[in-house]
2 protein chains.
Amino acid sequence: MRTIGVVGGMGPAAAADFYARVVAAHCVLRDQDHPPCIMYSATQVPDRTAFLLENGADPTPELVASVNLVEAAGADFIAIPCNSAHAFLASMRAAVSIPILDMIALVSAEVARVVPQARCVGVLAASGSVKVGLYDKPLKKHGLVPLYPDFEVQDEIMAAIKDVKAGGASEISDQRLIAAAKHLCDKGADSLIMGCTEVPLALAAEDSPVVAIDGNQTLVDTTLRLSLRQFDFEEILYAIR
Amino acid sequence: MRTIGVVGGMGPAAAADFYARVVAAHCVLRDQDHPPCIMYSATQVPDRTAFLLENGADPTPELVASVNLVEAAGADFIAIPCNSAHAFLASMRAAVSIPILDMIALVSAEVARVVPQARCVGVLAASGSVKVGLYDKPLKKHGLVPLYPDFEVQDEIMAAIKDVKAGGASEISDQRLIAAAKHLCDKGADSLIMGCTEVPLALAAEDSPVVAIDGNQTLVDTTLRLSLRQFDFEEILYAIR
């Protein structure tokens with residue numbers, strides 16, 4: 001088995017959820033049949049959204065230090081359960097010699113696979129990811145067009161994400177995200193991406209009017225299958241380069 | 001904040017649960033207000049119970065390598081959410097220069113604190129921990145006497161623990177542990193220790209006829225408070241030496 005590396009903590013609840021899902025997705029009898037995992041919950045990484053939107057501190061140095069730490073500790077590849085952090089993927093990849101999974105590319109491919117008739121994909125993401133158009137190119141590769149919420153709805157999504165970070169999902173954050181999902185569908189989305197790791201902690205996929213891809217689960221599934229050698233890096237070059 | 005080190009994976013679901021609880025126990029607004037954490041889910045460590053009971057492989061070398069890894073990665077102290085692994089605590093401590101929390105000492109102190117009238121403590125633990133009397137001395141320090149189940153009930157507890165490791169708690173594992181808790185109380189236990197990290201994943205404390213200390217939560221609380229510098233190592237010398 002390959003040793004899983006995780007750079008998480010963005011937020012920490014999403015990292016905990018990520019590893020719990022990796023374990024739950026693998027039904028085996030003994031501890032020893034699970035892949036080893038080195039998870040660094042790097043909570044000190046400056047806020048990605050604050051940097052992308054405003055004049056926040058640059059998270060790049062801490063992100064680079066974090067992937068370095070996980071590589072040095074012995075991971076064979078790295079998963080990062082934080083969509084916004086992928087805005088800094090190139091810098092992180094330049095710093096290590098092991099593959100770092102591109103969650104954004106994986107999730108975009110998953111939409112095309114699960115919803116083959118999709119054209120217009122609603123994106124529920126943090127405002128920084130939206131501003132830099134994180135999903136634009138990866139979706140375009142699959143002939144898909146991203147659809148973003150109106151400003152005031154984007155603010156509601158960001159408020160829900162902050163709610164989840166500040167102590168977990170609540171009825172309020174759930175309702176905010178359900179309303180945002182409906183808004184995107186009203187605007188013409190035929191599918192949705194839950195493109196922030198906090199979103200699936202509050203929004204249940206079944207509460208979306210259209211198929212909503214849980215990006216966390218996509219990353220979990222790929223991570224687990226890679227670690228179990230169910231496929232090789234060469235088979236997902238689009239997500240490791 | 002102190003960087004938390006976790007050597008887990010024994011089992012992996014307990015490690016995931018441990019970190020999820022550390023995050024949930026700390027209600028703050030921002031990712032950056034959570035302590036950083038380096039968790040090594042060292043699933044490859046040979047089965048502790050198989051070594052303590054039978055002729056299984058010695059887990060000591062892998063345990064030592066695991067604490068070394070977490071120390072080298074930058075942890076300020078180490079928590080190990082696995083009771084049985086504490087049978088090898090001395091070897092692990094000898095290998096590192098940072099403190100390793102003694103979960104067994106912490107849980108024993110917690111029984112005395114929470115149930116001051118306790119005398120006879122029922123121990124729900126893996127059969128290896130029972131065989132080596134892992135809780136005997138730490139409980140005795142508090143004037144407490146451990147009470148163990150009859151052999152056939154111990155086998156039922158071990159079966160429940162294996163169930164949890166093999167895919168999570170079920171109605172069967174729950175019932176086995178509830179019956180074991182009742183059995184210990186019938187034998188005279190005035191309090192219980194859930195002394196295997198898999199036990200609180202199946203047995204709800206409220207299903208015990210007497211106060212049942214969730215050892216996972218005790219370790220979570222101490223870990224979080226240490227990382228937040230709410231107390232210092234000197235104040236819990238009994239649990240770090």
Side-chain angles (χ1 to χ4, degrees), chain A residues 1 3-6 8-50 57 59 62 65-66 68-75 82 162-163 165-168 198 227, chain B residues 1 3-6 8-50 57 59 62 65-66 68-75 82 162-163 165-168 198 227:
Chain A
M1 286 183 285
T3 297
I4 299 167
V6 180
M10 304 172 275
D17 178 66
F18 178 82
Y19 186 59
R21 291 200 205 189
V22 168
V23 176
H26 191 41
C27 289
V28 288
L29 293 181
R30 311 174 317 140
D31 296 348
Q32 293 76 18
D33 296 329
H34 285 274
C37 176
I38 298 161
M39 182 170 91
Y40 181 25
S41 194
T43 49
Q44 76 285 359
V45 174
D47 190 76
R48 286 66 60 198
T49 305
E62 284 290 348
S66 300
N68 282 336
L69 182 153
V70 170
E71 178 181 41
C82 171
K162 284 182 179 169
D163 277 356
K165 285 184 185 288
E198 274 71 31
S227 69
Chain B
M1 288 183 284
T3 297
I4 300 168
V6 180
M10 303 173 276
D17 178 65
F18 178 82
Y19 186 59
R21 291 199 205 189
V22 169
V23 176
H26 191 41
C27 289
V28 287
L29 292 182
R30 310 176 316 140
D31 297 348
Q32 293 77 17
D33 296 328
H34 285 274
C37 175
I38 297 161
M39 181 170 92
Y40 183 24
S41 194
T43 50
Q44 76 286 358
V45 174
D47 190 76
R48 287 65 61 198
T49 305
E62 284 289 349
S66 300
N68 282 337
L69 181 153
V70 170
E71 178 182 40
C82 171
K162 284 183 179 170
D163 277 355
K165 285 184 185 287
E198 273 72 31
S227 68

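Residue numbers start from 1 in every chain, and the chains themselves are labelled A, B, ... in the order their sequence lines are given, proteins ahead of strands. As the structure is a prediction and not an experimental result, all values here were calculated from the model.
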Check whether any side-chain N or O of A:T43 sits under 3.5 Å from a backbone N or O of B:Q32 as a donor-acceptor pair, and report yes or no. no

Considering only heavy atoms and a distance below 4.5 Å, find which of B:P35, B:G74, B:C27 pairs most often with chain A. B:P35

Counting only non-hydrogen atoms closer than 4.5 Å, does A:L69 touch chain B with its backbone (N, CA, C, O), its side chain (CB onward), both, or neither? side chain

Check this for me: does any side-chain nitrogen of one of A:R30 and B:D47 sit under 4.0 Å from a carboxylate oxygen of the other? no

Contact origin within B:L29 toward chain A - heavy atom pairs under 4.5 Å: both

Rounded to the nearest 0.5 Å, what separation is found between the OH atom of A:Y40 and the OG1 atom of B:T3? 5.5 Å

For chain B, which candidate among A:D33, A:V22, A:V70, A:V28 shows the most heavy-atom pairs at distances under 4.5 Å? A:V28

Applying side-chain hydrogen bond (donor to acceptor under 3.5 Å, both in side chains) to A:E71 and not counting sequence neighbours gives A:S97

So what's closer than 4.5 Å to chain A heavy atoms on B:V45: side chain, backbone, both or neither? backbone

Does A:P36 offer a backbone N or O that forms a donor-acceptor pair with the side chain of B:S41 under 3.5 Å? no

Proximity breakdown for A:A72 and chain B, heavy-atom pairs closer than 4.5 Å: neither

Chain A contact via B:A73 - side chain, backbone, both or neither, heavy atoms under 4.5 Å: both

Heavy-atom distance under 4.5 Å to chain A: side chain of B:C37, backbone, both or neither? both

Presence of salt bridge, B:D31 and A:R48, under 4.0 angstrom: yes

Shorter than 4.5 Å, heavy atoms on both sides: which option in B:M10, B:K162, B:K165 has the most such pairs with chain A? B:K165

Using the test side-chain contact (heavy atoms from CB on, under 4.5 Å), find all partners of B:A20 that sit at least two apart in sequence or belong to another chain. A:A16

Quick check for you: among B:G9, B:P12, B:A42, which has the greatest number of heavy-atom pairs under 4.5 Å with chain A? B:P12

